[in-house]
Every structure is written in structure tokens, then in C-alpha cells.
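Read the numbers this way: they start at 1 and go in the same order the structure lists the ligands and their atoms.
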Amino acid sequence: MQLANGHLLQQHSFINNNWFSSSKKFAVINPASETVLANVSDAGKTEVLLAIEAADLAFRKWGTKTAKERSMLLKKWYDLIIQNTRDLAVLLTSEQGKPYNESRAEIAYGASFIEWFAEECKRSYGETIPSPAGNKRLLTIKQPVGVVAAITPWNFPIAMVTRKIAPALAAGCTVILKPAEDTPLCALALAVLAKEAGLPEGVFNVIATTKAQQVGEILTTHPAIKKVSFTGSTQVGKLLMQQSSSTLKKLSLELGGNAPCIVFDDADLDVAIKGTINSKYRNAGQTCVCANRIFVQRNIYNVFIERYTKEVNKLKVGDGMEDGISIGPLINEDAINKVKYLLDDAISKGADVVVGGTQHKAGRLFFEPTIVTGCTINMQLNKEEIFGPVSAVYVFDTEEEVVELANNTQYGLAAYFFSQNINRVWHVAEHLQYGMIGVNEGIISHTEAPFGGQKESGFGKEGSRYGIEEYLHTKYICIGNI
Ligand code: ADP
């Protein structure tokens, strides 16, 4: 891994603008080559408590700076990230595996949250309320909630971090970030640039650790932490919510998905195929908004499969640093095993593999882009997130039937459908029980739009004008006896 700015590769936790080493290390692996990229200090209780103390102290000053002062520092941070796009993208592809161009797009997307919230914080208005009494005046102000703990996953090591950190810092909160153990290097590189941008001591801290459970327990129970923002599995989200109840912390949970992707017979098939591929195969299928269940109306089923297969066959698998690659490796062996288990289960229950179905010759952690047809609701891949490059295709007859099938899951993050019938577009969009709906579109995440789910996909919005609200209290003030 060659970086122009070698200083971006850090291997220790970042607390109070200093690097904290510890004797115990853990290896960060490049999933394409399975070589060791770095040996990172494995932080524990001592470091977390130090970070909480630093963030708590820093909050007293950071929270009282003007929005404009915070905004200017965040904009510097944004500029530095953009200037270092190449290095950050190399780091990202190296530790996470996604194709280099997808990494560059993630840096731009991730940085855009910093720019957006640097602007939004200047517009965190309270309001005056018409008073019910002549001698009283009623108003609200917005104030930062306090120290925030952010816990992030490995699939977007930059964007999942900035989507939480940017609104938190912009609102006036200070942050302790625990990135995923598979991908701590991007988060540590962001810390290098945050310091360079001039963020004061203790405002942004990063705890690199393999002790997720121990660190998570401290972060969710410590009284100094006022808010927990988590992106990851529903199972861990529920645990963190339970732990956070001891001190009633404010929570944002962005959890698992089981996205339906419906192709109606009145769809533009070119648009539907492109949109489905974009949703399904981005990041090798490792996003919580990837199409997990593809429902195709019976009278276009054969032609859809034929054309979809042709397009999927064009996807090139390999090391994300090579040219023209659209599918990199999966993150680790567990991910490969999960995909294999889901496919075996589906095949044993009658599904047919029409493309792929096995590991790819590029290496142990690579999986062929796969299409499996004849899927039914009794298969595990109907219930669980596949998190790999596997299209599971189902057939349906009527709109009513498919909406019911699509909603038949405890998840409610993203859903997609393709249709050119305006009445159907409204009707289906309103009846799908999901936080985000893509209509004739497979890529729907934008900084400007509210990202978040319903049901057991969690709650809270990230990005958009709503994102900063998650880090603010609305305080009501009543001035009497006027
Ligand atoms: P995934 O299956 O995508 O890895 P996880 O929910 O296991 O999802 O992980 C998402 C993030 O949550 C990672 O940073 C991981 O280290 C962290 N995590 C996992 N278990 C716990 C836990 N018990 N407490 C706190 N954080 C945890």
C-alpha cells in the first residue's frame, strides 16, 4: 500500500489529539491479498475512560463555540479530506476491499456530510411560540446533547463515520468513535486530518479495539455519555439499546435490512436491470440497503432473467486496486461462509443457481456474482441479510401479493420497485413499510436525504436537515411576569 502522505497510516487510538499505543496489537488485513496492512494497538477500558474524560472536558468549550466557529473548522476538515482523496481511497480499498472507484465515491460522499452539516449548524433555529397568556413569552432553543458515542461498521469505513461525526460535531457535541475492528485505518486517518484542521483536543476521539463488547458496555452505561449512535446488526443494536436504558441515553440505531426490489411488468426493463444491479452488487453486496429479495412479475420473468443474467455476467471480480473491477472480495471468512450457507439452504429447498454460486478464482475471499432463481419464503435468504453478491429472485403475480411479500419481514430499511404506472408508483410507495423507497432507481443514499429505517431496522435519521436534530435538545423557555 503506497500512500503519498504516509502520516495518514496510524496504528494507535486517538485520544485528546494524541496517539495512545498499547502493548497488545491486532492485525488489520487486506481482504484481497490477505496480507497484514498494520498492527494496531488494541485499546481497552483505560483508553475508553480517558477518551470519555477528554470528550467531557472538551464539550464545555466546544458546545459553547458559535456555530460559525465550529463550521469553519469542519470546512477545513472537509477540504483536507478532499485533498487527500487518493490516499484515503487507497487505504479504504486496502482494508475493506471495494473497488478503488467506489472508494473514491465513498470519500466524496463521506466528506459531503461534513460540508453539509458545517452549513446546517448555522441554521439550527429554535422558535417563538404564540403565548396563551399576555404576561408570558414562550420560546425554544436548540442545544447540543453532550458527549456522543458512535459505533460504526466495516462496510463504509469513511461514510458511516462522517455521517455520525459531522452532525454531532456541528451541533456542538464531542465524540468518541469506535470503528469496526476490520477497518480502523480509515477512521484513524480521518483523525489525523481532524487534528490538522484544528479541531481542539478531546473533541473527536477514536478507540481502535477488538474488545467491542467491553468497550460498548462502557460507552452505553457511562453517565457522561448522553447519546449513542450505532450502525450495525439488529442483534447488537438491541443489546446497546438495553444497555443504554440504564442511563436513558438518546439513541440512533441504523440496523439490518432485508430490502425488497420489485420489478413490475410495466417497468422499463433497461432501467430495472441497471437499478437492480446497482443496488445488489455495489460493495460486493455488502450494504444494508442492497436488494436482498428480487421479486419479478410472472409475465416478464423469463425475459428479465435472460437479460439480467447477461448483465451480471459482465461484472468483473478481482482486487479492487486493479482497473475495471466491479466486485472486490468479501470482508472476511465469516462473510464467505454465510453466503455459502444461505445458498446451500436455498438449493436444498429447490432454488436453481443460474450464474455463479461458488468462490471466485481470484482468491479465498472472492465470491462469484451469483443469481439464484425459484426462491421461496421458507428459505433462509428470504429472512436474513445475504451481504454478498447473490441475487435471490422470486416470482409474483399481483401487486397486492407482492406488497404483502415485501412487507413480510421484521426489517424496514430500504425498498425498491420499478414501474412506469404513476398510480402504482404512489400506491406501492405508500404501502411499503420501509424508511426509504427507491422508485425506478437503485442508488438512493444522498447527503441531502434522510437515511433511516422503520421496524427492527431501527430509528433516527442520518444526513439531510433532520440529521443534526439527533444531536440536539429542544429546550423550552418560558419568560413570565412580563
Ligand atoms: P456486522 O455484522 O456488520 O459486523 P456488528 O453489529 O457485529 O455488525 O458490528 C457493527 C459494529 O458494532 C462494529 O464496530 C462492531 O465492533 C460493533 N459491535 C459488535 N458487538 C458489539 C457489542 N456487543 N457492543 C458494542 N459494539 C459492538
query: Can we say Arg364 and Glu333 salt-bridge, meaning some charged N sits less than 4.0 Å from an Asp/Glu carboxylate O?
result: yes
message: Need the ligand 1 atom indices (1-based, order shown) with element for anything under 4.0 Å from a heavy-atom of Gly232.
response: 6 (O), 10 (C)
message: Under 4.0 Å from a heavy atom of Glu181: which atoms of ligand 1 are those, numbered in the order shown and with their elements?
response: 15 (C), 16 (O)
query: In terms of side-chain geometry, is the basic nitrogen of Lys340 or Asp344 positioned less than 4.0 Å from the acidic oxygen of its partner?
result: no
field: Heavy-atom proximity to atom 14 (O) of ligand 1, best of Asp182, Thr152, Leu255
entry: Thr152
task: Among all protein heavy atoms, pick the one closest to atom 25 (C) of ligand 1 and tell me residue, atom and distance.
output: Ala212 O, 3.3 Å
message: Quick check on the 6.0 Å ring-centre criterion: do Phe204 and Trp62 meet it?
response: no
query: What's the shortest distance from atom 2 (O) of ligand 1 to any protein heavy atom, and which residue and atom give it?
result: Ser233 CB, 4.4 Å
task: Could you tell me the residue and atom name of the protein heavy atom closest to atom 12 (O) of ligand 1, and the distance to it rounded to 0.1 Å?
output: Phe230 CE1, 3.2 Å
message: What protein heavy atom lies closest to atom 4 (O) of ligand 1? Include the residue and the distance to one decimal.
response: Trp154 NE1, 3.3 Å
- prompt: Any idea which of Leu239, Asn332, Thr210, Thr231 brings a heavy atom closest to atom 10 (C) of ligand 1?
  reply: Thr231
message: If the cut-off is 4.0 Å to any non-hydrogen atom of Gly216, which atoms of ligand 1 fall inside it?
response: 24 (N), 25 (C)
- request: Considering only non-hydrogen protein atoms, determine which one is nearest to atom 17 (C) of ligand 1 and report residue, atom name and distance to 0.1 Å.
  value: Ile151 CG2, 3.8 Å
message: Side chains of Gln96 and Asn283: any donor to acceptor distance under 3.5 Å?
response: yes
- prompt: So which protein heavy atom does atom 21 (C) of ligand 1 come closest to, and at what separation?
  reply: Val236 CG1, 3.5 Å
query: At a 4.0 Å threshold, what atoms of ligand 1 neighbour a non-hydrogen atom of Leu240?
result: 24 (N), 25 (C)
query: Given the side-chain rings of Trp154 and Phe387, with only the six-membered ring counted for Trp, is the space between their centroids under 6.0 Å?
result: yes
field: Lys383 charged N/C atom sitting above Tyr411 aromatic ring, 6.0 Å / 45°
entry: no
message: Any salt bridge linking Arg465 with Glu448? Criterion: basic side-chain nitrogen under 4.0 Å from a carboxylate oxygen.
response: no
message: Taking the six-membered ring of Phe366 as reference, does the cationic atom of Lys361 (NZ for Lys, CZ for Arg) lie under 6.0 Å from its centre and within 45° of its axis?
response: no
